[in-house]
Amino acid sequence: MYLSRYIKQRLSIDKVNIVPIIIIVLFGFVFTPTADAQDYQRLENMCKACHGKTGVNGYTVIPDLKWQNNAYLVQQLTQFKNGQRKDMTMTKVAQLLSKDDIQQLAEYFYSFKHGTASQALSTQ
């Protein structure tokens with residue numbers, strides 16, 4: 001069962017209470033500036049924990065990524081990373097990502113919009 005579904009079903013967590021859990025999950029991983037395949041899988045799983053396996057989730061406060069285009073996702077993650085856009089959770093997440101990580105994650109979620117989801121990060 002996915003973390004977000006488990007949290008929602010078992011704990012009935014709202015936006016305020018989910019932040020500490022997300023932070024714990026984030027800091028449970030060690031990232032290097034250039035991630036290898038295993039690190040990309042961890043990044044992918046971290047994103048899917050909140051945004052859903054296919055970019056669709058059950059939280060009204062967490063955006064679905066499936067319907068966003070690649071350039072938009074890269075732009076938003078970059079803005080979170082450099083502080084142009086702020087969110088208690090996403091700013092911290094984006095600061096962990098390299099430019100390549102951002103591009104890979106954007107491509108992963110964009111792939112669901114166009115039915116090319118077989119190009120998951122774990123296979124790259």
Side-chain angles (χ1 to χ4, degrees):
M1 184 175 286
Y2 295 102
L3 178 62
S4 61
R5 191 177 307 147
Y6 175 81
I7 291 169
K8 184 178 178 183
Q9 290 175 349
R10 301 285 186 218
L11 304 176
S12 300
I13 291 180
D14 60 17
K15 183 178 181 180
V16 175
N17 293 333
I18 198 168
V19 172
I21 292 170
I22 293 170
I23 291 170
I24 289 168
V25 170
L26 291 178
F27 292 108
F29 299 110
V30 177
F31 298 102
T32 59
T34 304
D36 62 13
Q38 186 177 27
D39 290 334
Y40 281 123
Q41 183 63 49
R42 289 180 181 144
L43 290 172
E44 181 184 319
N45 289 339
M46 178 179 63
C47 296
K48 290 190 295 188
C50 295
H51 292 284
K53 181 179 177 183
T54 63
V56 178
N57 71 85
Y59 299 107
T60 58
V61 296
I62 299 174
D64 289 338
L65 301 181
K66 180 177 183 176
W67 312 112
Q68 304 301 332
N69 68 54
N70 190 319
Y72 177 80
L73 293 171
V74 168
Q75 176 189 32
Q76 296 307 305
L77 284 170
T78 301
Q79 287 180 354
F80 281 124
K81 183 176 179 68
N82 67 23
Q84 289 178 317
R85 184 170 179 193
K86 300 211 184 280
D87 177 79
M88 190 177 352
T89 302
M90 284 306 302
T91 299
K92 292 173 184 167
V93 170
Q95 289 172 350
L96 297 171
L97 305 175
S98 70
K99 188 175 182 178
D100 288 339
D101 296 337
I102 289 171
Q103 185 63 45
Q104 292 284 347
L105 291 168
E107 289 173 8
Y108 173 78
F109 284 105
Y110 181 68
S111 70
F112 290 103
K113 180 177 182 179
H114 294 282
T116 57
S118 63
Q119 299 172 356
L121 295 177
S122 57
T123 63
Q124 295 181 1

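Predicted model only: the values in this text are computed from it and were never measured. All residue numbers refer to positions in the sequence shown, counting from 1.
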query = Considering all heavy atoms of both residues, which atom of N82 and which atom of Q79 are nearest to each other, and what is their separation?
reply = OD1-O, 3.1 Å

task = Measure the SG-CG distance between C50 and L65 for me, rounded to the nearest 0.5 Å.
result = 10.0 Å

query = Looking at NZ of K53 and NZ of K66, how far apart are the two atoms once the value is rounded to the nearest 0.5 Å?
reply = 12.0 Å

message = Evaluate K48 against F109 for side-chain contact (heavy atoms from CB on, under 4.5 Å), listing each step before the verdict.
response = CA-CA 9 Å; K48 290 190 295 188; F109 284 105; 4.3 Å; yes

request  = Of all the heavy-atom pairs spanning D64 and W67, show the shortest one and how long it is.
outcome  = CB-CD1, 4.4 Å

inquiry  = Taking the side chain as everything from C-beta on, heavy atoms only, tell me whether V93 gets closer than 4.5 Å to F80.
reply    = no

request  = Check K81 against I102 and note the closest heavy-atom contact, atom names and distance.
outcome  = CD-CD1, 4.0 Å

ask   = Does the side chain of K99 come within less than 4.5 Å of V74's, by heavy atoms?
value = no

message = What's the separation between atom CD1 in I62 and atom CG in D87, rounded to the nearest 0.5 Å?
response = 9.5 Å

task = State, to 0.1 Å, how close L73 and Y110 come at their nearest heavy-atom pair, and which atoms those are.
result = CD1-N, 4.2 Å

key: From NE2 (H51) to CE (M46), nearest 0.5 Å   = 9.5 Å

request  = Give, for atom CG of N70 and atom CD of Q75, the distance between the pair rounded to the nearest 0.5 Å.
outcome  = 11.5 Å

query = Which pair of heavy atoms, one from D101 and one from L96, lies closest together, and at what distance?
reply = OD2-O, 4.2 Å

task = Output the distance between atom SG (C47) and atom CE (M90), rounded to the nearest 0.5 Å.
result = 6.5 Å

